[in-house]
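What follows is a set of notes on a single structure, which appears directly below.
Counting starts at 1 for both ligands and their atoms, in listed order. One is the number of the first residue; the rest follow in order along the sequence.
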Amino acid sequence: MKTIDKIYINGEFVTPKGTEYFDLISPTTNEKLGQVLLGNPEDTRDAIAAAKKAFKTFSKTTKEERIQYLKNMQTSIEKRKQEFIDITIEEYGGTFQFATNSFEYMRQSFISAIELLNTYSFTKTMGQSEVQMTPVGVVGIIIPWNSSNGYICGKLATAITAGCTVVIKPSEMSAQQTQLILECFHEAGLPKGVLNIVNGLGEVVGAEISRNPDITKISFTGSTAVGKMIAKEAVNTMKRITLELGGKSPNIILDDANFSKAIPMAVAAAYMNSGQACIAGTRLLVPESKLEEVKTLIKNVVSKTIVGDPKNETTAVGPMVNKKQYERVQNYIQIGIDEGAEVLIGGLGKPEGLENGNFTKPTVFVNVNNQMRIAREEIFGPVLSIITYKTEEEAIEIANDTTYGLQAYVSSENHERALKVASQLSAGRVQVNKLGHDPMAPFGGFKQSGIGREFGVTGLECYLETRVLIQ
Ligand code: NAD
């Protein structure tokens, strides 16, 4: 059993002043893996003070210096690739496939940041004036549990590119993953105070970050409900905010799609990261005339979807992160049944032989209309709703009839037609005939899926403040 009893402040592993412990429980077996000692508001203020002091010098570093730090960070994580994969599987219950992709995503964060530094100009001319893009200040980074080190790398790499210093609050459930990445970054030799990480609860450490006047910007990934609370608090000190929130992403299969290609891709989009993904394509919009064909194909694909031990390379759906998340998903399956939707495959309860972990059956509902709660609310588990449409216009209307707007998907054999449909969707990112990631293109949501963008130049500029010299 492991005890994580250190946080990271001013370049050192220190014992938090907080005295409360949180148990780390295996999602796969529900056995106790260890415990983490949580930080308190005082620890958070110490971390913010260290970041504030470091900002004075770090904000003045050259592009070359920042590139070197980013290279060192990349090298330090590459050395421990296998440990990252193992701990993501053990602590989070992420599948082997997810954990491997997640490591690649972490690595890519540094590669993309270096590319940005090599190409971005921090001084521009606009009108008659010189425009200076300057680091915004101390950034508070608050993240969820569903890709913990991926978020740390993405946000931290951008902050360093910009010349900002940071205080990070990961989920308390990710403490072992956090410990590993801290060991790497300590080895990378960042200047003292540039990186500070405080383990702790949202309403304690997260709340202090949101209210503290020395935090200039918050970069938050998490639920829409918590995002709203953070935004309300942040406005008191006029913090800049980037919010990456929830989603209920539509996946439009047009009538001319190759269904034997589009349906397996739709299942993969719905069940990625065991369904615990903000970008999961959880509303599958299919032509009414093709419903029977879709049902047969979906049943076939889902019945072959392997649920089980996340360590196995062929497992596609692992356990939910904790009992609470398992209960939440079960509750939504019950809501779907009560609303009159029909379970095509899956349903309530745990798959046979997997009773000890937080495993849920990959579930598909048909007879769903877009007003049902299972079609409107983010479930964050492997539950897919099939909704039928009659015309392309109706498909677009249903797709956009949501409070969210993070991601959408379109499939058609006619690429031009797919692009035309994609261009009418209220979503920050639309996957056209593929499932991909572009680390240099902006990512973020329309409507209640967030504010601002991450990645690429647009993402970088969310960490910069504009100063104009009129001369
Ligand atoms: P959450 O919103 O409950 O928590 C996210 C983080 O906020 C955690 O670190 C938590 O401790 C902290 N927090 C909680 N209350 C707080 C408060 N009052 N003040 C400050 N911080 C507080 O989300 P979760 O359950 O950890 O993660 C799942 C959610 O995250 C889903 O809604 C999902 O859609 C969203 N998400 C969004 C993206 C995206 O990029 N848009 C990516 C992944 C997850």
Side-chain angles (χ1 to χ4, degrees), residues 22 27 36 38-39 41 44 92 94 98 102 105 140-152 154-155 158 167-175 177-178 197-212 215 218-234 236 239 241-249 272-282 320-329 332 376-381 402-408 427-429 437 439 442-455 459 462:
F22 176 87
V36 53
L38 302 173
T44 315
Y92 167 54
F98 168 78
S102 178
Y105 179 98
I141 293 176
I142 303 175
I143 52 168
W145 38 259
N146 69 332
S147 181
S148 189
N149 283 338
Y151 299 127
I152 290 182
K155 291 173 195 283
T158 313
V167 175
I168 303 179
K169 192 213 92 65
S171 165
E172 60 283 5
M173 283 186 271
S174 313
Q177 296 164 78
T178 304
I197 296 196
V198 183
N199 289 317
L201 300 177
E203 58 272 29
V204 179
V205 176
E208 178 61 36
I209 291 175
S210 310
R211 85 170 79 91
N212 195 294
I215 296 278
I218 292 194
S219 177
F220 171 76
T221 297
S223 62
T224 297
V226 173
K228 287 179 185 176
M229 285 162 65
I230 289 176
K232 280 182 190 156
E233 186 62 53
N236 291 327
K239 297 185 196 327
I241 48 172
T242 306
L243 304 176
E244 297 293 348
L245 309 176
K248 193 73 197 177
S249 301
M272 63 167 82
N273 197 357
S274 306
Q276 299 174 126
C278 51
I279 53 173
T282 48
M320 302 296 94
V321 70
N322 60 11
K323 274 192 175 153
K324 192 173 150 214
Q325 190 64 21
Y326 168 80
E327 302 291 344
R328 176 187 164 93
V329 176
Y332 270 108
R376 303 204 78 76
E377 297 173 20
E378 187 178 50
I379 298 174
F380 231 54
T402 166
T403 53
Y404 293 111
L406 190 58
Q407 175 141 296
R429 198 163 75 168
H437 174 58
F443 172 71
F446 281 33
K447 300 190 271 184
Q448 295 195 32
S449 284
I451 293 177
R453 292 291 182 272
E454 298 196 287
F455 306 137
C462 290

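Looking only at heavy atoms of the protein, atom 27 (O) of ligand 1 is closest to Pro144 CB, 3.2 Å. Ranking the protein heavy atoms by distance from atom 28 (C) of ligand 1 puts Phe380 CE2, 3.5 Å first. In this structure, the protein non-hydrogen atom closest to atom 13 (N) of ligand 1 is Gly202 CA, 3.4 Å. When hydrogens are left out, the protein atom nearest atom 32 (O) of ligand 1 is Glu378 OE1, 2.6 Å; that is the closest non-hydrogen contact. Atom 40 (O) of ligand 1 has Glu244 CB, 3.3 Å as its closest protein atom, hydrogens excluded (heavy atom only). What sits closest to atom 18 (N) of ligand 1 on the protein, heavy atoms only, is Met229 CE, 3.2 Å. In terms of protein heavy-atom proximity, atom 20 (C) of ligand 1 is nearest to Gly206 C, 3.3 Å. The single protein non-hydrogen atom nearest to atom 43 (C) of ligand 1 is Tyr151 OH, 2.6 Å, given as residue, atom name and distance.
Closest approach of Ser249 to Ile279, counting heavy atoms only: OG-O, 3.8 Å. Across all non-hydrogen atoms, the minimal contact from Pro170 to Ser148 is CB-OG, 4.1 Å. Of all heavy-atom pairs between Gln276 and Val321, the closest is OE1-N, 3.0 Å. The two atoms that bring Ser171 and Pro144 nearest to each other are CB-C, 4.0 Å, heavy atoms only. Nearest heavy atoms, Gln325 versus Trp145: OE1-CZ2, 3.9 Å.
Of the possible polar contacts, one joining the Lys239 side chain to the Asn212 backbone as a donor-acceptor pair under 3.5 Å is found. In this structure a side-chain-to-backbone donor-acceptor pair under 3.5 Å is missing from Glu378 to Lys248. Although no hydrogens or angles enter the test, the distance criterion places no donor-acceptor pair under 3.5 Å between the side chain of Thr242 and the main chain of Ser219. The backbone N or O of Gly445 sits nowhere less than 3.5 Å from a side-chain atom of Arg429 that would complete a donor-acceptor pair. A donor-acceptor contact shorter than 3.5 Å links the side chain of Asn273 to the backbone of Asn146.
The closest heavy-atom contact to atom 15 (N) of ligand 1, among the options Asn146, Val226, Ile379, Val321, comes from Val226. Of the candidates Gly246, Cys278, Gly222, the one placing a heavy atom closest to atom 35 (C) of ligand 1 is Gly222.
Counting the atoms of ligand 1 from 1 in the order shown, those under 4.0 Å from a heavy atom of Ile142 are 6 (C), 7 (O), 9 (O), 12 (C), 21 (N). With ligand atoms numbered from 1 in the order given, ligand 1 contributes 1 (P), 2 (O), 3 (O), 23 (O), 29 (C), 30 (O), 32 (O), 35 (C) to contacts under 4.0 Å with heavy atoms of Ser223.
At a heavy-atom distance under 4.0 Å, no atom of Thr224 approaches ligand 1. By the criterion of a heavy-atom distance under 4.0 Å, the backbone of Ile143, and not its side chain, is placed next to ligand 1. Only backbone heavy atoms of Leu245 (N, CA, C or O) come within less than 4.0 Å of ligand 1; its side chain stays farther off.
Taking Glu233 as the reference, nothing meets the salt bridge (charged side-chain N to carboxylate O under 4.0 Å, His left out) condition, with sequence neighbours excluded.
For a threshold of 3.5 Å applied to N or O pairs, the pair formed by Trp145 and ligand 1 contains at least one separation below that value. Below 3.5 Å of separation, one finds no N or O of Thr221 facing any N or O of ligand 1.
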Side chain to side chain donor-acceptor pair (under 3.5 Å) assessment of Asn149 paired with Tyr92: CA-CA 11 Å; Asn149 283 338; Tyr92 167 54; over 6 Å; no
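Residue contact check for ligand 1: Ala207 places a non-hydrogen atom closer than 4.0 Å to it.
Atom 4 (O) of ligand 1 is not flagged as protein-proximal [any protein heavy atom, distance under 4.0 Å].
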